[in-house]
Amino acid sequence: MDGTPGMHRLEVEDFTVGYGAAPIVKNVSLAVQAGTVTSIIGPNGAGKSTLAKAVVGLIKPMGGRLKVDGVDLSGRTPERLARSGIGYVPQVMNVFPSLTVRENLEMGCFLRRSKTRHRLDAVFTMFPDLRSAAKRDAWTLSGGQRSMLAIGRALMPEPNVLVLDEPTAGLAPRFQTSVWEHVRTVAGLGLAVLAIEQNARLALSNSEQACVLVLGEVRRRGPGEELLADPELVSLYIGGGDGGRSLHAERTA
Amino acid sequence: MTAFFNAVGFGVVTAALLALATTGLSLQYGVSRLPNFAQGDIMTVGAYAAYAANGPFHSIAIDGIAAALAGAAMAWLVYMALIRPFASRGTNRLTAVVSTLAGSLIIQDVLLIIFGGNATAFPTIQGATEHIGPFLFTTEQLVIIGVALVVIAGLHATLKFTFIGKAVRAVADHRDLSRVSGLPAGMLTQLTWAVSGVLTGIAGFVLGLTAGALVPTLGFDYLLIIFAAAVVGGIGNVGGALFGALIVGLGMTVAAVYISSDYKEVVALILLIATILIRPTGLFGGRSSARRFAV
Amino acid sequence: MTYAISVLTLGGITVILAMGLNVQYGWAGDLNLSYYAYVALGAYVCGVMMLPPPNASEGNFYVLGLHQSFFVGTIVAVAVCAVVGLVVGSIALRRVTGDYFAIVTLSVTLIFYTFSDQYAPLFNGPQGIYGVPHAFGGVLRFSYSGYNLFLLGLVAAVLVVVVFLFEVLYRSAFGRTLRAVRDDPISVSAFGISPYRRKLAAYVLGSAVGGLGGVLLLQYVSAFSPAGWSPLETFLLFSGIIVGGVGSVWGVLFGASVVLIGVPQAVLFIPAPAGAATFLPALQNCIIGLIILVFLYLRPRGLFPERSPVLGFDGALKWQSRPVRFVVGRVRTLLGEGAA
Ligand SMILES: Nc1ncnc2c1ncn2[C@@H]1O[C@H](COP(=O)(O)OP(=O)(O)OP(=O)(O)O)[C@@H](O)[C@H]1O
Ligand SMILES: [Mg+2]
């Protein structure tokens, strides 16, 4: 991890991931350019979190390669991937509950302890709410504060790539927008951001690229705005329609 | 009443040694989420190590250090050989529990082969007695209580204030999150087990002192009493371990005075069963231990 | 010859015991550490049923002393074990599973052990019961060696019946659901099956078989005392199950025979240092402990793993075995998203 802002590119090539013998994610490829956001949307159980866990090394993929800046990082442990500059915000259990906010952030900076003070300042500037809550135990935080803390923790070591798994889950719409403003800011620093999001409209309107994952396969992909303009997708995921039920029907068929 | 006041000294010593062993168990449980059925046998190893060191040196301090080191080595070995191979495979938790039971069997019988089945006399020191309020303590008991308090307070401070202590708590909170944050979770877990062994080894040494004789089942017979203290206090919780140890230690002592010393373990076991059935988060651990329990 | 008969009789009893434990650990997936308490209870109850009233002038005390036949003693012993199992199981299994169940059952064993050892009016304290009459001694007047042969035949007959019964149960709806409960209690309860009741049935059945084994053990040694057993004894039985194949009837029959009869015999060939009476038993336990570990590392499903039965549950004691997820998926589909 060199910490220089700028040209960091995440490539996932032909990932096949599963927990047992049966693959849950099948032959998924993605590329996320530096300074851009790629979002993944899809129904519950599509395998979005599974894909994210494989990208950060928590599950060993059955096949496929992972590259950052063209360097092959496949098969590395989560610790080493973190060292190579991949940051991750899990969907659940995304903060250390018994540690204070400040300590949570310090843990994020384990890899670059000499920079802790400097990085704390940067993160507190980005999330002023966290500064005032610095001494509180993380389990006492509200959902919104917790999301901020989780993102802040992932940003502490100045990663090159950030993987976010539903950072807005359970938040009021106002906070969802605010989280995505921060995601845009982070991308603006030159990171390659891969974000999983339930709120499709929010995701698509804030992402350069997006893909729709269904049953572990990429069903659609393209620029966010283009997908947003697609009437079929909109009826499936966003406005009125049957609220995604037809995708569910497809799943169970 | 006098009998009671005189027994309290012994009860507090029991509580002190229980507190050490229970804190060790809580540390292990925190990072590995498994009840270690070989915990009692790590105590036994500590006691025999103290005995072995006592021969050449005749120094109670060196005995204690030997017990701590042997306990650390044994606990580390238990983790590496019995827990880790199963933790990383995503197998059923029970597999790892069965493997600690097998380890317990092996440790006891290796000790039996080395030291034989007859009780080995352990030197007890009879110091002067002192009154503190209505309670009667021997100097030795006071030293034991003091050492236990210092060790546990030191551990508590380390966990709370040092960077490495916070990192251990992070691993205990959410292992995967600690790994993706770059923390060396594997090394921290090994370190935690070794430290748990230091406490457990010292506890075994104290147990040897109070028992006056060593047998290979010394610690195994104490295993469920440790579980009782841990569960009553809310497992995985250092403050709770102290509290649970006091309740169980004093409860056993009172039972020995007023019922019969033959049944004092039964009192601890009933406390253990009742707590598990009625309030598995422990009497002391309200919210925090409930949270730690969530797997 | 006498020696071989003796080894085979004890071995047969041990295999019967392993069979009963396998219902609880192998089929229901409960790490029951109280199993040997039921063995002891069965032995004690049968003993005090068969013995005459205690003679206090010889310093003997125990309950009952009804001077009944072996047949009545066995029935009462097995019934008592089943009832105690029902009471203990219905309290413990309703509230806890997994490692807490192991802790509770080990505690129950130690409490029972303490009372059998310390409370003399129950089973004569540390002395235990002794001089138990031979089975059917009043009817069949055997010579000493004739009786030993008869006992071996009795044990073999019981073993055959137990194996046959368990093989039938294994394939029955009860056996299949029980193993389904073990592999995925949440999905199974979504089908309206109560995991608790199946596990309780397994616990009671295992306890009764344990009691029956205890009765035979009592006949084999004609005495029973706290010095003759320890709570850790249960654990030795696990080795037979783990080596043979957790859950599998024939596997356990094989594993228990090899490990629990073979190892103690093989150890006898090792020269023991003079004067160390504990050396060989200790070595034997070490070897059994190591065998368990080696199998857990390398072959956790044992030499003869459970066959995969119709429901598609595979026998591995794993959370994430594939067929289970298949069922989870099915349940989800049935109940809609958000379920399971
Ligand atoms: N640890 C696990 N072991 C086995 N199967 C799992 C595990 N975690 C998830 N699964 C299965 O993998 C599939 C995909 O799960 P995943 O969490 O990746 O979905 P998702 O797209 O993130 O859904 P959501 O929108 O609900 O977060 C599901 O069918 C789930 O049951
Ligand atoms: Mg998800």
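So that the names make sense, note that chain A is the first sequence line, chain B the second, and so on, each numbered from 1. Predicted, not measured: the structure shown is a model, and the values here were computed from it.
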Mind checking the CG-CD1 spacing from B/L105 to C/I287? Nearest 0.5 Å is all I need.
11.5 Å
Is it the case that over 12 heavy atoms from other parts of the model lie below 6.0 angstrom from the CZ atom of C/F295?
yes
Partner chain B: residue of C/V104, C/L293, C/I91, C/I288 with the largest heavy-atom pair count (under 4.5 Å):
C/L293
Non-hydrogen atoms of chain B under 4.5 Å away: do they reach the side chain of C/L290, the backbone, both or neither?
both
Tell me, out of B/L101, B/V231, B/I113, B/N118, who's got the most heavy-atom pairs with chain C below 4.5 Å.
B/L101
Looking only at heavy atoms, the pair that brings C/G289 and B/I106 closest together is C-CD1, 3.6 Å
Minimal heavy-atom distance between C/L232 and B/F220, with the atoms involved, is CD1-CZ, 3.4 Å
Pair B/S99, C/I292 - check side chain to side chain contact (heavy atoms under 4.5 Å, CB included), show working.
CA-CA 8 Å; B/S99 102; C/I292 293 178; over 6 Å; no
Search all heavy atoms of B/Y263 against all heavy atoms of C/T114 and return the closest pair with its distance.
CD2-CG2, 4.1 Å
In terms of heavy-atom pairs under 4.5 Å, which option from C/P281, C/S230, C/C286 contacts chain B the most?
C/C286
In this structure, CG of C/L106 is separated from CG of B/L223 (nearest 0.5 Å) by 7.0 Å
At a 4.5 Å cut-off on heavy atoms, which part of B/Q108 comes close to chain C: side chain, backbone, both, or neither?
side chain
Cut-off 4.5 Å, heavy atoms of chain C, and the answer for B/L277 is both
Atom of C/Y25, atom of B/V98 and distance for their closest heavy-atom approach
OH-CG2, 3.6 Å
Decide side chain to side chain contact (heavy atoms under 4.5 Å, CB included) for B/D262 and C/Y119; before the verdict, give the C-alpha distance in whole Å, the side-chain angles of both, and the deciding distance to 0.1 Å.
CA-CA 9 Å; B/D262 296 334; C/Y119 188 66; over 6 Å; no
What's the spacing between C/T278 OG1 and B/F115 CZ if we round to 0.5 Å?
12.5 Å
Value rounded to 0.5 Å, distance of CG in C/L31 from CG in B/L94:
5.5 Å
Which bit of B/I278 is near chain C, if near means a heavy-atom gap under 4.5 Å: side chain, backbone, both or neither?
backbone
Take atom CH2 of B/W76 as the centre, draw a 6.0 Å sphere, and report whether it contains more than 12 heavy atoms from other residues, nucleotides or ligands.
no
Could you tell me which portion of B/L272 (side chain, backbone, both or neither) has an atom closer than 4.5 angstrom to a non-hydrogen atom of chain C?
side chain
At a 4.5 Å cut-off on heavy atoms, which part of C/F235 comes close to chain B: side chain, backbone, both, or neither?
side chain
Nearest heavy atoms of C/I103 and B/P35, plus distance in Å:
CD1-CB, 4.2 Å
For B/A81, is it the side chain, the backbone, both, or neither that has a heavy atom closer than 4.5 Å to a heavy atom of chain C?
both
Rounded to the nearest 0.5 angstrom, the CD1-CD1 distance for C/I111 and B/I270 is 5.0 Å
Distance, nearest 0.5 Å, that separates OH of C/Y100 from OG1 of B/T275:
9.5 Å
Sort C/L110 into side chain, backbone, both or neither according to what part of it lies under 4.5 angstrom from a heavy atom of chain B.
both
Residue C/I291 versus chain B: region with a heavy atom under 4.5 Å:
neither
Do any of residues 258-270 of chain C have a heavy atom less than 4.5 Å from a heavy atom of chain B, and if so, which, in residue order?
none
Scanning both residues in full, the closest heavy-atom pair of C/A102 with B/F37 reads CB-CZ, 4.1 Å
